[in-house]
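This report refers to the structure that appears directly beneath it.
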Number of protein chains: 2
Amino acid sequence: MIEFESISEVKKCPKQYVLAINDTLNVISGKWKLPILASILYGNHRYKDIQSNIEKITPRMLSKELKELELNGVITRNVYDSTPVRIEYRMTESGEKILSVLDVMIEWGLAHRKATLENS
Amino acid sequence: MIEFESISEVKKCPKQYVLAINDTLNVISGKWKLPILASILYGNHRYKDIQSNIEKITPRMLSKELKELELNGVITRNVYDSTPVRIEYRMTESGEKILSVLDVMIEWGLAHRKATLENS
DNA sequence: TTTATCACTATACTTTTGTATAGTATAGAT
DNA sequence: ATCTATACTATACAAAAGTATAGTGATAAA
């Protein structure tokens, strides 16, 4: 069951594809999105954990980005009513799969660096 | 010959990977990079062709982005000294392979949309 | 009672990114 | 001499993204 055709095999990029690419870009672009996702993936789930893991991020940016990531369905925000209240951010199932995108980005980036150095 | 390990199998993201991801992001993020690359890929090679293909882009943005893409080794700028001078922009070999990144971005984007709609 | 922690919010500001509009240099055609 | 085309550049401006710094409210510990 073929889910979609590679854009290299398509005459003109369909609107669905454009939307899909934009959705993906929204999740990974900007200065802090990837550091935050990486931090959560590597085991930091609470606000303070993430903040001290990414030293240079300001609280404003951290909460802004967390909100956006939640809105985009990449992470969940879970409130535990202990005292003091504990809040945990975790990747959604779909969110975790973003790693497959990062993998090809790494692959292309490494290969491109190599190719560019060779021709210079 | 294994070229790299998936970041999901690695304890901490190596600096090389971070650089590779940033290289890739630099090539695809911003308002006009992908439209320009798509335009070239679909057969528009001259400044005016690309400009009229992307109606809303201003000449400033087009030349700025073309310069950056050239600098990043994704496209080449070829000058033919006919009169009037003809200039052609073309994808580099390495640049064309960015399609593999777009493919997984489309794949993730479509699947994520589906998953997000189902859980709402 | 003062101090500390958690998870933020508020306000003002700077930097980066993108827009609007006009102009340039070279050359050929009329 | 004027008009057109190509491939841009220059200047000023607006909008978006990110930074700096201080403060909030609830609770608990010393």
Side-chain angles (χ1 to χ4, degrees), chain A residues 18 21-40 42-72 74-91, chain B residues 18 21-40 42-72 74-91:
Chain A
V18 173
I21 290 173
N22 277 332
D23 285 357
T24 309
L25 273 176
N26 281 336
V27 166
I28 58 177
S29 61
K31 188 169 180 182
W32 300 113
K33 296 263 169 61
L34 284 179
I36 292 169
L37 293 180
S39 189
I40 296 173
Y42 285 112
N44 301 291
H45 299 291
R46 300 179 61 180
Y47 189 93
K48 277 279 160 185
D49 294 342
I50 302 169
Q51 189 178 268
S52 47
N53 185 231
I54 310 184
E55 324 132 359
K56 298 197 177 167
I57 199 169
T58 61
R60 184 186 191 277
M61 275 296 119
L62 182 52
S63 62
K64 195 173 150 284
E65 301 289 58
L66 286 170
K67 256 172 215 160
E68 255 191 85
L69 290 169
E70 198 199 350
L71 205 82
N72 288 334
V74 183
I75 62 174
T76 53
R77 181 181 188 270
N78 308 295
V79 182
Y80 300 93
D81 63 346
S82 52
T83 50
V85 64
R86 210 174 82 243
I87 289 164
E88 285 192 0
Y89 296 94
R90 285 180 184 273
M91 302 297 285
Chain B
V18 173
I21 290 173
N22 277 333
D23 285 358
T24 310
L25 273 176
N26 282 336
V27 166
I28 58 177
S29 60
K31 187 169 180 184
W32 300 113
K33 296 263 169 60
L34 284 180
I36 291 169
L37 293 180
S39 188
I40 296 173
Y42 285 112
N44 301 291
H45 300 290
R46 301 179 61 179
Y47 189 93
K48 279 277 161 187
D49 294 342
I50 301 168
Q51 188 177 278
S52 46
N53 186 231
I54 311 183
E55 324 132 0
K56 297 197 177 166
I57 199 170
T58 60
R60 185 185 191 277
M61 276 296 120
L62 182 51
S63 62
K64 197 171 149 284
E65 301 290 58
L66 286 170
K67 256 173 216 161
E68 255 190 84
L69 291 168
E70 198 198 349
L71 206 80
N72 287 334
V74 182
I75 62 173
T76 53
R77 180 181 189 271
N78 308 295
V79 182
Y80 299 94
D81 63 345
S82 51
T83 49
V85 64
R86 209 173 84 241
I87 289 165
E88 285 192 0
Y89 296 95
R90 286 179 184 274
M91 302 297 287

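Naming convention: chains lettered A, B, ... in sequence-line order (proteins, then strands); numbering from 1 in each chain.
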Worksheet, complete the sentence: In whole angstroms, the gap separating P of C/dT19 from CD of B/Gln51 amounts to 13 Å
Practice prompt. Would you tell me if any nitrogen or oxygen in the side chain of B/Lys67 comes within less than 4.0 Å of OP1 or OP2 on D/dT9?
Written response: yes
Worksheet, complete the sentence: Scoring nucleotides 22-30 of chain D by protein non-hydrogen atoms under 4.0 Å (B base, S sugar-phosphate only, - none) yields -----SS--
Fill in: Of the listed nucleotides C/dT19, C/dA7, D/dT9, the one nearest the side chain of B/Trp32
C/dT19
Practice prompt. Examine distances only and state if a side-chain atom of B/Ser39 and a backbone atom of B/Pro35 form a donor-acceptor pair shorter than 3.5 Å.
Written response: no
Discussion item. Tell me the interatomic distance from A/Asp49, atom CG, to C/dC6, atom P, rounded to whole angstroms.
Written reply: 9 Å
Worksheet, complete the sentence: So NZ of A/Lys31 and CD1 of A/Ile36: to nearest 0.5 Å the spacing works out to 12.0 Å
Worksheet entry | Any B/Lys64 side-chain N or O less than 4.0 Å from OP1/OP2 of C/dT19 | no
Practice prompt. Quickly work out the B/Met61 CE to D/dA14 C1' distance and round it to whole Å.
Written response: 12 Å
Worksheet item: Can a salt bridge be assigned to the pair B/Glu68 and B/Lys33 using a cut-off of 4.0 Å between side-chain N and carboxylate O?
Response: yes
Worksheet item: Could you give the OH-to-P distance, from B/Tyr47 to C/dT26, as a whole number of Å?
Response: 18 Å
Worksheet entry | Residues A/Arg86, A/Glu88: salt bridge by 4.0 Å N-O rule | yes
Worksheet entry | Rounded distance (Å) that lies between atom C1' of C/dT17 and atom CD of B/Glu68 | 10 Å
Worksheet item: With no hydrogens and no angle check, is any side-chain donor or acceptor of A/Ser29 less than 3.5 Å from a backbone partner on B/Ser29?
Response: no
Item to complete: Report yes if a side-chain nitrogen or oxygen of A/Arg77 is closer than 4.0 Å to either non-bridging phosphate oxygen (OP1 or OP2) of C/dC8; otherwise report no.
Response: yes
Worksheet item: Any side-chain heavy atom of A/Tyr47 within less than 4.5 Å of one from A/Leu62?
Response: yes
Discussion item. Between C1' on D/dA7 and CG on B/Leu66, what's the gap in Å once rounded to a whole number?
Written reply: 11 Å
Worksheet item: From D/dT19, D/dT9, C/dA20, pick the nucleotide closest to the side chain of A/Lys31?
Response: D/dT19
Worksheet entry | A/Ile36 CD1 to D/dA17 P, straight-line distance once rounded to whole Å | 15 Å
Worksheet entry | Nucleotide C/dC8, atom P - distance to CD1 of A/Ile57 in whole Å | 13 Å
Worksheet, complete the sentence: Minimal heavy-atom distance between A/Ile40 and A/Tyr89, with the atoms involved, is CG2-O, 3.8 Å
Worksheet item: At under 4.0 Å between heavy atoms, what does A/Arg46 touch on the DNA or RNA strands: base, sugar-phosphate, or nothing?
Response: sugar-phosphate
Worksheet item: So how far is it from B/Ile75 CD1 to B/Lys67 NZ, rounded to the nearest 0.5 Å?
Response: 11.5 Å
Worksheet item: B/Ser63 side chain N/O closer than 4.0 Å to the phosphate oxygens (OP1, OP2) of D/dT9?
Response: yes
Worksheet item: A/Lys48 side chain: which of D/dA20, C/dG18, C/dA7 is closest?
Response: C/dA7
Discussion item. For a quick test of reading the model: is some side-chain N or O of B/Tyr89 closer than 4.0 Å to OP1 or OP2 of D/dC8?
Written reply: yes
Discussion item. Can you tell me whether the side chain of B/Arg60 and the base of C/dT21 have a donor-acceptor pair closer than 3.5 Å?
Written reply: no
